[in-house]
Undergrad: 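A single structure is presented below for examination.
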Number of protein chains: 2
Amino acid sequence: MSDAQPYIARRPKRADGARNYDAILSAARKAFETQGADASLEDIAGQAGVAIGTLYRHFPTRASLVEAATREGLAELISRAEVLAGTEDALAALSEWMRLAVRHVSTFRGLVGILTRSMYDEGTPSHAACSAMHSSGAHLLRAAQDTGQVRGDLTADELFDLLSGAAWVRENAPADRDGSTRFVQMGLEGVMARPDAG
Amino acid sequence: MSDAQPYIARRPKRADGARNYDAILSAARKAFETQGADASLEDIAGQAGVAIGTLYRHFPTRASLVEAATREGLAELISRAEVLAGTEDALAALSEWMRLAVRHVSTFRGLVGILTRSMYDEGTPSHAACSAMHSSGAHLLRAAQDTGQVRGDLTADELFDLLSGAAWVRENAPADRDGSTRFVQMGLEGVMARPDAG
DNA sequence: ACCTGAACACCGTTCAAGT
DNA sequence: ACCTGAACACCGTTCAAGT
């Protein structure tokens, strides 16, 4: 019944394989940043100095290449959440993490879309990372709700709506202005518990 | 120096041309709604019962087809703004319009992206409509600021960040939940003037 | 195990021929 | 004026042959 496990790329042990794997990843990151998530795979292979078949051998789908290219960044983001969770001010921790997350998740055009889909689709290479990110965010949110700093009725999914909306805005903003900072700030203010509420 | 004027599709006068034009638009709307803004043009032509060359004759670019397919909806949205501008409660008017706008701008996957780019790029078929939409929103915003219901420091561009972020979330939400309602509501609350501020 | 690149498939776009 | 569909171009993907 369940779909096949998604393919997760692994760095080969053999010297030439490892070298090519690294070169492809590096070229992919550069290409994604300049052309977006739908950058030409042929170009990426060319920039990496390998034949197109080699790219496909290491990364059989575009999703697996994106996953590998963003793996480190997402892992970093999750470990940041753990550190912030041990912090005094729960709302400050949540705000700071949201800011970091928005930036990571919008490093190139098309990333938020891929990650958002991955969050709710298990058959996807980035699903595991997205799930972990969801837990991290949910944890920080709950903490800020427990201290009464954030409304109790906000769900984690809604928090991620705010995150992905802000990231999309940042992705698509004209280069000269980054609307996401203000955006997240205001979104969070909309979500804070009001002293005058009730 | 300036780019050529963007091509704006016009309904032909000759009977067969008009018939095909309508059939293509109707097929395009259906295709965009089910497959998104990057639906196959060949499929659309096929569904409309015309050859691919006929589609290109009426709509030389994908952007021109999208513009024609969304023209009515955007015009409706702008006239709605005019009606709401004559309303008593300026904040209620702004909220209601935002809700309508989010829905219109996310009728199919990929639309927000196209319209957001159009807003800041004059060489684009939808630029005129987006500009008008910008004015409508800015007008309603200013009214709600004049009554002191919304923070004075919010810019129209930031309002449209909120609008497009919410629309993107709605576009990409799993079919079973529409996060945008809550999203806009909270975004607006984050933007409302606080009784306890200062 | 890994690499290469020709071959195939698909789709967007153009244009010569037709009514 | 408008329509048709073959032709071309481009790019993603596969796979037989090679080291």
Side-chain angles (χ1 to χ4, degrees), chain A residues 4 6-28 30-32 34-69 108-110 113-114 123-125, chain B residues 4 6-28 30-32 34-69 109-110 113-114 124-125:
Chain A
Y7 182 90
I8 304 294
R10 283 174 54 96
R11 191 165 183 276
K13 303 229 168 102
R14 229 175 75 170
D16 57 346
R19 206 176 331 115
N20 285 341
Y21 181 94
D22 292 340
I24 292 166
L25 267 187
S26 159
K30 212 165 293 175
F32 289 155
T34 56
Q35 349 237 28
D38 54 351
S40 157
L41 297 178
E42 213 129 359
D43 278 7
I44 292 173
Q47 285 296 323
V50 303
I52 184 65
T54 301
L55 187 151
Y56 274 92
R57 156 166 266 266
H58 293 296
F59 309 100
T61 62
R62 182 181 293 271
S64 70
L65 180 56
V66 169
E67 186 277 328
F108 51 84
R109 196 165 31 81
I114 293 171
T124 246
Chain B
Y7 182 90
I8 304 292
R10 282 175 54 97
R11 190 164 184 276
K13 303 229 167 103
R14 231 176 72 171
D16 56 347
R19 207 177 329 115
N20 285 340
Y21 181 94
D22 292 340
I24 292 167
L25 265 188
S26 159
K30 212 166 291 174
F32 289 156
T34 57
Q35 349 237 27
D38 53 353
S40 157
L41 297 178
E42 212 129 359
D43 279 7
I44 292 173
Q47 286 296 324
V50 303
I52 184 64
T54 301
L55 187 150
Y56 274 92
R57 154 167 267 266
H58 292 296
F59 308 100
T61 63
R62 182 181 292 272
S64 70
L65 180 55
V66 169
E67 186 277 330
R109 196 163 32 80
I114 292 170
T124 247

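So you know, we letter chains A, B, ... as the sequences are listed, proteins then strands, and number each from 1.
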Undergrad: Does Gly49(A) or Leu41(B) map to a spot on DNA chain C nearer the 5' end, using the closest nucleotide for each?
TA: Gly49(A)

Undergrad: Mind checking whether Phe59(B) and Tyr7(B) have ring centres under 6.0 Å apart?
TA: no

Undergrad: Between atom CG in Asn20(B) and atom P in dT19(C), what is the gap in whole Å?
TA: 17 Å

Undergrad: Side-chain N or O of His58(A) versus OP1/OP2 of dC3(C): is the shortest distance under 4.0 Å?
TA: yes

Undergrad: Measure from CG on Leu55(A) to P on dC2(C) and round the result to the nearest Å.
TA: 15 Å

Undergrad: Using whole Å, report how far CZ of Arg11(B) lies from P of dA1(D).
TA: 17 Å

Undergrad: Choose from dT13(C), dC2(D), dG5(C) the nucleotide whose nearest atom is closest to any side-chain atom of Asp16(B).
TA: dC2(D)

Undergrad: Reckon Pro60(B) touches a base, only the sugar-phosphate, or nothing at all at heavy-atom distances under 4.0 Å?
TA: nothing

Undergrad: How many Å lie between CD1 on Ile24(B) and P on dC3(D), as a whole number?
TA: 7 Å

Undergrad: Among the nucleotides dC3(D), dT4(C), dG12(C), which one has an atom lying closest to any side-chain atom of Arg62(B)?
TA: dG12(C)

Undergrad: Of the listed nucleotides (dC2(C), dT13(D), dC3(D)), which one gets closest to any side-chain atom of Thr54(B)?
TA: dC3(D)

Undergrad: So which nucleotide does dA17(C) pair with, by the Watson-Crick or G-U wobble rule with both distances under 3.5 Å?
TA: none

Undergrad: Any chance you could measure Ile44(A), atom CD1, to Ile52(A), atom CD1, to the nearest 0.5 Å?
TA: 8.5 Å

Undergrad: Are Pro6(A) and Thr124(A) side-chain neighbours, meaning at least one heavy-atom pair lies under 4.5 Å?
TA: no

Undergrad: With both distances kept under 3.5 Å, what pairs with dA9(C), Watson-Crick or G-U wobble?
TA: none

Undergrad: By nearest atom, which of the nucleotides dG12(D), dT13(C), dC3(C) is closest to the Ile52(B) side chain?
TA: dT13(C)

Undergrad: Provide, to the nearest angstrom, the distance between the CZ atom belonging to Phe59(A) and the P atom belonging to dG12(D).
TA: 16 Å

Undergrad: Who does dC3(C) pair with, Watson-Crick or G-U, both distances under 3.5 Å?
TA: none

Undergrad: Under 4.5 Å between any side-chain heavy atoms of Leu65(A) and Leu41(A), yes or no?
TA: yes

Undergrad: Could you check Arg14(B) against Glu42(B) and say which one's nearest nucleotide on DNA chain D is further toward the 5' end?
TA: Arg14(B)

Undergrad: Tell me what Ser40(A) touches on the nucleic acid: a base, only sugar-phosphate, or nothing, going by heavy atoms under 4.0 Å.
TA: sugar-phosphate

Undergrad: Name the nucleic acid region contacted by Gly53(B), choosing base, sugar-phosphate or nothing; use a 4.0 angstrom heavy-atom cut-off, strictly under.
TA: base

Undergrad: Between Arg11(A) and Asp22(A), is there a donor-acceptor pair closer than 3.5 Å when you use the side chain of the first and the backbone of the second?
TA: no

Undergrad: Please tell me which of the listed nucleotides, dT4(C), dG12(D), dA1(D), lies nearest to the side chain of Arg57(B)?
TA: dA1(D)

Undergrad: Nearest to the side chain of Tyr56(A) - dT14(D), dC3(D), dT13(C)?
TA: dT14(D)

